[in-house]
Chemist: 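Provided herewith is a single structure, encoded as structure tokens, for subsequent inquiry.
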Amino acid sequence: MSPRTPLLVANWKMYKTVAESRVWAERFREAALREGLGQGRELVVAPTAPSLWVVATALDGTGVGVAAQNLDLGVEGALTGAVSGYLLRQAGAEWVVLGHSERRQHFGESDQLVAEKVLAAVEAGLEPIVCIGETEEEHRAGKTQERLLQQLSPVVAAAGPERWPGLVIAYEPVWAIGSGRTPTPEVIDEIAGSLRSWLGQQLPGVGAATRILYGGSVNEQNLASFWSLEHIDGALVGGASLDVERFVTMAKTPLGAKEERR
Ligand code: 13P
């Protein structure tokens, strides 16, 4: 696959029991096989940790990937309550969402810790999807770019050019998550474009090929407007991904201009 294959990710956050996750995954499996979902694009689902195994098992053979929503540092050990990248990998995860604003806000994850988790993910053989985004206050103060680079810099420094390839960035403005509000597609593309050129300078040869997703109030109505953007390679979808029919619709949404550019 080309380095910037379109990518659509469902983030279920702390929703769905194991039984509900299984039902969703079995329905999605049927749709994926029946309708050839995933052609020309990658599809990934991030259930809660207890549901990883059943979702991975139900989706086996469909080409749909499975992501964890977090990992704890370490491999195995006396660390009560912790779940390492290694254990997530064994439970069926191939990807991991890291640095989500809800982790930063409610669990105190620092930019530095996120960078350490990225390394742990790569070490465990997981593909990291690193979330960055400004708060409403930072947005109003015109500090978006500054905040995004502050979040990304430790990740770039830790990963370096060797461990960077394959890493995905998700730009999720905190004020757009679950709010029904999004920046305009033009603004999103401008922000992603400047992140891309900054990455190209920091990591010559690999940075500019990085996939950048947009997340925050994405749904089946507005997805097409993000697919068409030059610097955006896909989306990270929260609430609208919980309903399997809605996510099937999104998985089928034509890639528009992205298709023509490929
Ligand atoms: P919503 O799509 O519910 O706004 O959530 C976005 C998000 O946080 C995905 O990671």
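Just so you know, ligand 1 is whichever comes first in the structure, and atom 1 is the first atom listed for that ligand.
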Chemist: Once salt bridge (charged side-chain N to carboxylate O under 4.0 Å, His left out) is applied, do any residues pair with Arg22, and if so which ones, sequence neighbours excluded?
Modeler: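 None.
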Chemist: Any idea which protein heavy atom is nearest atom 5 (O) of ligand 1, and the distance to it?
Modeler: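 For atom 5 (O) of ligand 1, the nearest protein heavy atom is Lys13 NZ, 3.3 Å.
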Chemist: Answer yes or no for Gly215: is there a heavy-atom contact with ligand 1 below 4.0 Å?
Modeler: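 No heavy atom of Gly215 comes that close to ligand 1.
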Chemist: Report yes if Glu102 has an N/O atom closer than 3.5 Å to an N/O atom of ligand 1; otherwise report no.
Modeler: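 Glu102 vs ligand 1: no N/O contact under 3.5 Å.
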Chemist: For Ser179, is at least one N or O under 3.5 Å away from an N or O on ligand 1?
Modeler: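 No.
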Chemist: Does any N or O in the side chain of Ser51 come within less than 3.5 Å of the main-chain N or O of Pro47, such that one atom is a donor and the other an acceptor?
Modeler: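 It does not hold such a pair.
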Chemist: Within the side chain of Arg103, is there an N or O that forms a donor-acceptor pair under 3.5 Å with the backbone of Phe107?
Modeler: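 Between the backbone of Phe107 and the side chain of Arg103 there is no qualifying donor-acceptor contact (under 3.5 Å).
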Chemist: Looking at ligand 1, does Ala240 have a heavy atom less than 4.0 Å from it?
Modeler: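 Checking ligand 1 against Ala240, which is what was asked, there is no heavy-atom contact under 4.0 Å.
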Chemist: For atom 3 (O) of ligand 1, what's the nearest protein heavy atom and its distance?
Modeler: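 In this structure, atom 3 (O) of ligand 1 has Gly239 N, 2.8 Å as its nearest protein heavy atom.
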Chemist: Is the closest side-chain heavy-atom distance between Glu136 and Arg181 below 4.5 Å?
Modeler: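 In contact.
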Chemist: At what distance is the nearest protein heavy atom to atom 7 (C) of ligand 1, and which residue and atom is it?
Modeler: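 Here the closest protein heavy atom is Glu172 OE2, 3.1 Å.
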Chemist: What part of Asn11, side chain, backbone, both or neither, has a heavy atom within less than 4.0 angstrom of ligand 1?
Modeler: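 Looking at Asn11 and ligand 1, just side chain atoms fall under 4.0 Å.
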